Structures are given as structure tokens and as C-alpha cells.
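Computed from a predicted model, the values in this text were never measured in an experiment. Ligands are counted one by one from 1 in listed order, and the atoms in each one are counted from 1 as well. We're numbering straight along the sequence, starting at 1. The figures here come from the full heavy-atom set of this structure, side chains too, leaving out hydrogens, waters and symmetry mates.
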Amino acid sequence: MTSFEDFAKVCNRIEGISGSLEMTSVVAEFLKLVSDEELEIAARFIMGHVFPVWSKEELGIGPGLLYSAVSKTSSLPVKQVEKFVKDTGDIGSAAEKAIATGKTHLGFFSEGELSIEDVYLRFRKIAELTGKGSQDAKIKNLQYLFGAAKPAEIVYLVRLSIEELRIGVGEGIVRDAIAEAFNVSTDLVERGYMLTNDFGLVAYTAKKEGGQGLEKLGVEINRPLKMMLAQIASGINESVKEMGTVAVEWKFDGARVQVHKEDNDVTIYSRRLEDVTSSLPDLVKSIKSHVLAKNAILDGEAVAIGRDKRPMAFQEILRRFRRKYDITATAIEIPLYLNLFDILYLNGESLIDAPLIQRRKKLEQVCDKSILAKQTITDNTETVETIYKEALAAGHEGVMLKNPESFYTPGKRGKNWLKLKPIMETLDLVVIGGDWGEGRRASLFGSYLLACREPDTDRLLSIGRVATGITDEQLEELTNLFKELVISESGTEVEFEPKIVFEVGFEEIQKSPNYDSGYALRFPRLVNVRSDKSVEDADSIERVEQLYIGQKGR
Ligand code: AMP
């Protein structure tokens with residue numbers, strides 16, 4: 001058995017490392033150290049996951065419940081715990097401080113006795129608690145854990161209980177660490193992960209059966225695999241020239257789903273591979289009546305169609321996916337329709353290594369046409385152009401151009417699927433605030449609050465935050481630049497003097513009550529720091545409105 005303290009020490013060590021190679025070695029060492037029984041758990045814990053992402057098991061611990069548990073363990077009032085969170089900007093450190101300050105540290109275990117497995121089993125118990133009285137019971141179980149842990153363990157125990165470890169260990173590091181620890185190729189680890197979505201299983205297989213074992217990992221029903229992704233197409237002519245013949249489909253404005261059907265059981269996974277079945281009974285019904293196959297894994301897009309017959313906003317679809325109550329009423333308000341475009345498994349046979357053309361044939365054999373995305377195979381650029389225009393006119397995003405001969409490559413954003421969408425313009429926005437980063441990045445600004453101008457009043461109206469598109473080097477440069485512009489700070493949030501303009505790219509403008517402008521940007525990314533522009537040159541709310549209206553011919 002490995003003590004949880006050892007795990008906490010590893011996390012602490014990693015927090016002090018900035019280079020990914022060194023981080024990988026530390027994780028690899030740790031994976032080698034843990035026992036066989038604990039390896040699966042450890043490989044998930046190190047990424048901040050308690051269960052595989054796709055598992056139905058959920059801890060159901062939110063900040064409120066956590067604060068109560070910390071408050072009870074430390075006998076400090078919840079308000080005091082909240083204050084510690086505000087001061088430290090991290091729930092883990094706040095809990096450590098609270099429990100160290102409070103009186104009732106129980107110390108159930110003597111040194112080193114709380115093992116990784118103890119923690120996991122307790123978490124499983126917590127996940128099993130549902131219904132009436134479950135909140136109190138969850139708090140009691142957390143209290144037990146916190147009471148048993150040493151101060152240095154509390155930080156990571158608490159962060160793990162909300163599945164946010166924040167030590168900077170991502171998929172790439174765990175992949176490389178497994179390869180290093182068990183002397184197998186990174187490609188095989190990667191492949192195993194794309195197929196199973198569970199580094200626990202991949203690590204265990206690598207240790208026990210090596211590369212050969214990893215090769216045997218395959219597609220299995222009720223274990224979602226990562227979805228194949230698309231690259232941006234440079235244009236119709238270029239794409240058709242490159243692929244020769246293309247399979248053209250509408251790029252639907254909806255949300256990705258992966259459907260697993262086993263006899264009469266249907267499970268639907270979201271793009272993040274979370275089980276969303278219980279929120280989508282209408283889709284389940286549709287699958288049961290329109291999919292003839294006994295067992296199959298299907299891939300597609302769920303679209304919400306409004307009364308005007310046009311796709312509803314993405315947020316509306318998300319409301320459906322997240323819904324836990326009043327599901328039937330919401331299903332009437334936001335009706336969903338399936339557009340399936342792929343099949344990855346059929347009656348015991350994996351199809352991911354079959355060409356798209358063959359997969360499509362099977363898909364058509366086992367599904368009713370009404371739930372399929374229409375596909376046209378062509379080498380004619382005008383035909384593609386016509387389908388593209390039709391898709392936009394119908395309120396969808398554009399088209400997907402797929403290589404008919406290509407295999408299904410889970411989790412890969414390759415050249416075999418190209419997305420063609422209208423080019424979105426960029427916005428020049430004023431940076432009015434920021435957020436300090438977390439963990440290793442606590443001394444850097446991690447995201448920036450952006451605003452557009454209201455010309456008549458000269459007010460700056462917030463429109464979103466950008467954290468993507470910033471290189472590590474830039475992160476440091478920008479922090480130095482913005483440090484000089486800080487007006488006020490509260491917790492991790494900082495207000496800046498409005499001096500700097502960012503050119504920001506985005507996928508879409510959405511209406512949003514969360515920002516002063518009434519709009520938000522979907523997937524914003526920093527394109528350039530426009531040192532050549534002053535605040536007066538930044539874009540106005542009118543331009544934002546124009547772009548919003550111009551999107552997809554709304
Ligand atoms: P993006 O999210 O812009 O990278 O575009 C890829 C996404 O488009 C996929 O993850 C799907 O959710 C969505 N999509 C819509 N229609 C299709 C289609 N016909 N084939 C593949 N993906 C599609």
C-alpha cells in the first residue's frame with residue numbers, strides 16, 4: 001500500500017517544477033512505486049480524477065458542501081473558511097489553514113496510515129450516497145477523511161474531492177510518464193488512452209502486459225472513446241484538390257454525442273464523454289426506435305430546432321445536456337434531433353479501422369434515414385459550394401469535408417476531417433482586468449478581462465475573458481506589462497487601467513447576461529497585442545452587434 005502522504009509529497013514536488021520533462025520523470029517514478037492494486041487509482045488521482053471521466057460515478061461535492069465539511073472538521077464558522085479561501089485563492093490551502101487553526105484535528109491514523117486506497121474507497125462511498133440525507137452523510141465522510149489526514153495531505157485531499165488538483169499534470173505528462181515508467185512506446189499509450197479514456201486502465205495494462213497488452217486494447221461498448229476532430233479547411237478548392245473526392249456533410253450547429261446501444265440499453269455521452277443519458281430521454285427513445293442494430297457505437301451531432309425551424313443557440317442545447325430536473329418540460333421547450341454521421345462499432349466488431357465509405361454503408365444499413373446526417377460524395381467544387389450555402393442558409397455552421405478513405409482516428413484533429421466555416425473577423429478589445437493564475441502560475445496573470453467601447457459614453461463594456469493563444473513567454477511578458485497597470489485587487493481578480501488593446505479571435509458571438517455588453521465570445525483566443533492601437537481605436541459595441549447579426553445569416 002502507498003500512503004496518501006506519499007501522493008501528497010509528489011504533488012507538492014510537482015508544484016515546484018516548471019519543466020515538463022522533470023515533471024514527467026517524477027510522475028513516472030511515482031507510478032513505478034505504487035502497488036498493482038493502487039496503480040489505476042494513482043494514475044487517475046495524479047490528474048485530479050477519482051473515477052474515469054466517463055464513469056457514472058460522481059462525487060457530487062460542490063464548494064458549499066466542502067466548506068461545511070472543513071468548517072465542521074476545524075470547528076471554525078463557514079464564514080471564516082470562506083475568508084481563508086478568499087485570502088489564499090485556493091480551497092486546498094484554505095482548508096489546510098482552517099484545519100490547522102481549528103481545534104478538532106482528529107488524527108485517527110498514526111503516521112503514514114491513510115493509504116491511497118483508503119482515500120479512494122472513502123470517495124466511492126461518498127459517490128454512492130444519493131437522495132435524502134446524502135448531503136449530511138457526504139459531509140460526515142469528508143470530515144472523517146480530513147480528520148484522518150495530516151496538514152500536508154489536506155491540500156490535495158480537498159482539491160481531489162472537487163477533482164481539481166491544479167498541479168499542472170495534464171494528459172501529455174501522464175502519457176509520457178506511463179511510457180517511461182513501464183518502458184512502452186508513447187504511441188501505444190496514446191492509442192490506448194484514446195480508445196479507453198482511462199489512464200488507470202492504460203497504466204495497469206502497460207505494467208502487467210507491456211506493449212502487447214496495450215495493442216490489444218480495443219473499442220468496447222459502454223466505454224466511450226475519444227471523438228475524432230476536424231482541422232480548419234483552407235478553402236473548397238484546396239480541400240477538394242487535396243482529397244480528390246470528398247464526403248460532404250453539413251456542419252450542424254449542435255452538440256456532439258456518442259451513442260452506445262447494447263440490446264435495449266442506450267447510453268449517450270457528451271463531447272467531454274460524460275454520461276448525459278438521463279437528461280436526454282427523447283434522444284434515447286429516438287435511438288431505440290430508429291437504430292436497428294443490436295449493439296452499436298454511433299457518432300453524431302444533436303441539434304435543437306426552434307419553432308422557426310432554425311437551430312437554437314448552443315447554450316440552449318447545453319441546458320438540455322445539464323438538466324437534472326423538469327427534464328420532460330425542458331425537452332418540449334428545447335426539442336433535440338439526431339444527425340448521426342459515423343459508426344465505430346457494430347455487433348462485436350470494431351469499425352474504426354475501416355474506411356469512412358464502408359462505415360457509412362453500415363451506418364445506413366442499421367439506422368433509419370431520419371436520424372442520419374445527409375452525405376454527398378463528390379469531386380465537384382460547385383457541388384460543395386452549393387451544399388455549403390444550403391447549410392448556412394439553414395442556420396448551420398458550414399460543411400465538413402471528409403476523406404472517404406480515411407479511418408476513424410479517436411481524439412485526433414487530423415487532415416481527414418476538414419471544417420469549412422465563414423471566416424470570423426477579429427475584434428480589437430481593451431484589457432480592463434485579469435486573474436492571477438493558479439499553482440505554478442500563481443505569479444502570472446492567467447486570463448484577461450476584455451471590453452469594447454460604448455462610443456457615446458466612453459464607457460468600457462466587458463465582453464469576455466481570454467486565456468488561450470498566449471504563449472508561456474508572452475504570459476510572462478504580459479504579466480510584467482500589466483503589473484504596472486493594476487488599480488485594485490480582490491482575491492485573484494485584478495482591475496487594470498485600460499491602456500492595452502488585444503486583437504482577439506473567436507468562434508462566435510453569443511448573447512450573454514454575464515457581461516456588461518450583453519454579449520460573450522465563444523472560444524476567444526489572443527491573436528495579437530495591438531501596441532499600435534490605443535483605447536480609442538478599440539472596437540465599439542456597435543461593431544459587436546453588427547458581427548452578431550451577420551453570423552450565419554441570423
Ligand atoms: P469544431 O468544434 O469547430 O472543432 O468542429 C468540430 C465539431 O463539429 C464536431 O466535434 C461536431 O460536434 C461538430 N459537427 C457538426 N456536424 C458535423 C459532421 N457532419 N461531422 C463531424 N462533426 C460535426
Under 6.0 Å between the ring centres of Tyr448 and Phe482?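 Distance test on ring centres: under 6.0 Å, yes.
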Close-range residues for ligand 1, whose non-hydrogen atoms fall below the 4.0 Å threshold: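 Residue list for ligand 1: Glu249, Trp250, Lys251, Phe252, Arg256, Arg271, Glu301, Phe341, Met400, Lys402, Arg413, Trp417, Lys419, Lys421, Glu507.
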salt_bridge([X], [Y]) N-O dist < 4.0 Å:
| X | Y | answer |
| --- | --- | --- |
| Arg320 | Asp282 | yes |
| Asp263 | Lys294 | yes |
| Glu316 | Arg319 | yes |
| Glu171 | Lys226 | yes |
| Lys421 | Glu507 | yes |

